[in-house]
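Note sheet for the following structure.
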2 protein chains.
Amino acid sequence: MDAALKAVAEPRRREILRLIWSRELPATEIAERVGQVSRSAISQHLAVLKGAHLIVERRDGTRRLYRADHGEMARLRGFLDDFWADGLERLRLAAEREQQNRTSDRRNDRSDTHG
Amino acid sequence: MDAALKAVAEPRRREILRLIWSRELPATEIAERVGQVSRSAISQHLAVLKGAHLIVERRDGTRRLYRADHGEMARLRGFLDDFWADGLERLRLAAEREQQNRTSDRRNDRSDTHG
DNA sequence: CCCATAGTTCAGTTGACACTTACGTAAGCT
DNA sequence: AGCTTACGTAAGTGTCAACTGAACTATGGG
């Protein structure tokens with residue numbers, strides 16, 4: 001969840017996310033549409049987004065088609081909604097839940113996509 | 001808006017935000033409750049949050065009371081909601097709107113709080 | 001097999017950022 | 001005026017993240 005929030009905090013990645021929100025696109029075309037940046041950079045952004053489960057990848061011959069994962073984005077919304085939970089109980093639970101995640105985050109960071 | 005998203009992407013700042021979500025707290029007490037980090041670091045986090053309009057500051061003698069600004073957080077939610085706008089028109093508008101903001105972001109960055 | 005296309009990964013650079021210590025500043029008390 | 005409390009700011013450091021260019025992998029066609 002922390003990964004998703006961090007991923008979306010980057011403007012370039014939001015741009016990518018919007019491009020493939022309602023359709024599939026190959027990496028090259030994404031790079032062309034974004035412009036101003038190398039294919040390599042796009043590829044790395046896609047890796048981050050994939051690591052945050054914000055996009056899904058499908059292979060088609062030599063190409064890789066990417067598409068946004070609406071579900072994870074919905075969970076991100078829900079996460080922000082927790083800040084509105086008027087019950088203090090729910091606030092405490094959310095804080096504790098996240099604090100547990102942070103411990104593992106420090107160790108794993110972004111290395112969970114390498115396996 | 002970009003500033004708010006970036007501010008919230010940092011776990012420590014979310015922790016602070018939760019502490020002062022439903023009550024005012026002086027900086028020192030925030031630092032004590034967060035722990036594990038110097039008062040200086042907290043002060044800098046508070047500056048970032050203030051720059052993103054996510055908190056408001058009120059002075060009381062020698063102390064400074066901080067409280068979360070729910071309105072800005074609501075706007076953050078609304079921003080994420082734009083990703084769900086099914087109409088492609090609205091998607092395009094959102095993209096263009098942000099692209100305009102980005103141009104000024106490059107120049108201003110976080111310096112708009114210095115005035 | 002050789003080459004082109006599509007894309008990732010590696011190595012290295014640069015800038016941003018979270019943090020610490022030290023110092024500066026403002027308000028209140030005696 | 002001095003001292004204390006409460007806080008921000010400055011300077012410096014280590015780490016992470018975004019980027020570039022080069023090298024590598026994989027699929028498909030001649």
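All of these numbers come straight from a predicted model, not from anything done at the bench. Below, chains carry the letters A, B, ... as their sequence lines are ordered, and counting in each starts from 1.
Atom pair A/Glu15:CD and D/dC19:P shows a separation of 11 Å (rounding to whole Å applied). As a whole-Å value, the separation of B/Leu25 CG from D/dA6 C1' is 14 Å. Atom CG of B/Asp2 and atom P of D/dA18 are 12 Å apart (whole Å). The distance from atom CZ of A/Arg59 to atom P of D/dT25 is 14 Å, rounded to the nearest whole Å. One can place CG of A/Leu65 at 15 Å from P of D/dT27, the figure rounded to the nearest angstrom. Straight-line distance from the NZ atom of B/Lys6 to the C1' atom of C/dA18: 13 Å, rounded to whole Å. If you take CZ of A/Arg39 and C1' of D/dT20, they are 13 Å apart, rounded to a whole angstrom. A/Glu29 has its CD atom 11 Å from the P atom of C/dA6, to the nearest Å.
The side chain of B/Arg64 has D/dG8 as its nearest neighbour among D/dA17, D/dT5, D/dG8. Counting only heavy atoms from C-beta on, B/Arg13 has its side chain closest to C/dA18 among C/dA18, D/dA6, D/dT9. Nearest nucleotide to the B/His45 side chain, out of C/dT8, C/dC19, D/dA6: C/dC19. Comparing D/dA6, D/dA17, D/dC19 by their nearest atom to the side chain of B/Arg63 picks out D/dA6.
Once rounded to the nearest 0.5 Å, the distance linking OH of A/Tyr66 with CD of A/Glu57 reads 4.0 Å.
Dashed line: the shortest gap from a side-chain N or O of B/Ser43 to OP1 or OP2 of D/dG8 is under 4.0 Å.
Cluster membership for A/Leu65 and A/Ile20, using ILVMFWY side-chain heavy atoms within less than 4.5 angstrom, is not shared.
Salt bridge status for B/Arg33 with B/Glu29: present, with a side-chain N to carboxylate O gap under 4.0 Å.
Scanning atom types as modelled, no donor and acceptor separated by under 3.5 angstrom connect the side chain of B/Glu10 and the base of C/dC17. If you check distances only, the side chain of A/Glu57 never reaches the base of C/dT8 with a donor-acceptor pair under 3.5 Å. Interface remark: the A/Ser40 side chain does not form any donor-acceptor pair with the C/dT8 base, using a distance-only criterion of under 3.5 Å. Scanning atom types as modelled, no donor and acceptor separated by under 3.5 angstrom connect the side chain of B/Gln44 and the base of C/dC17.
In this structure, A/Ala27 reaches the sugar-phosphate backbone alone: every heavy-atom distance under 4.0 Å involves primed, P, OP1 or OP2 atoms, never a base.
Between B/Leu46 and A/Ser38, the one whose closest nucleotide on DNA chain D sits nearer the 5' end is B/Leu46.
Within the 3.5 Å criterion, the main-chain N or O of A/Glu24 finds no donor-acceptor partner in the side chain of A/Arg67.
Counting only N and O atoms by type, the side chains of A/Ser40 and A/Gln44 include a donor and acceptor under 3.5 Å apart.
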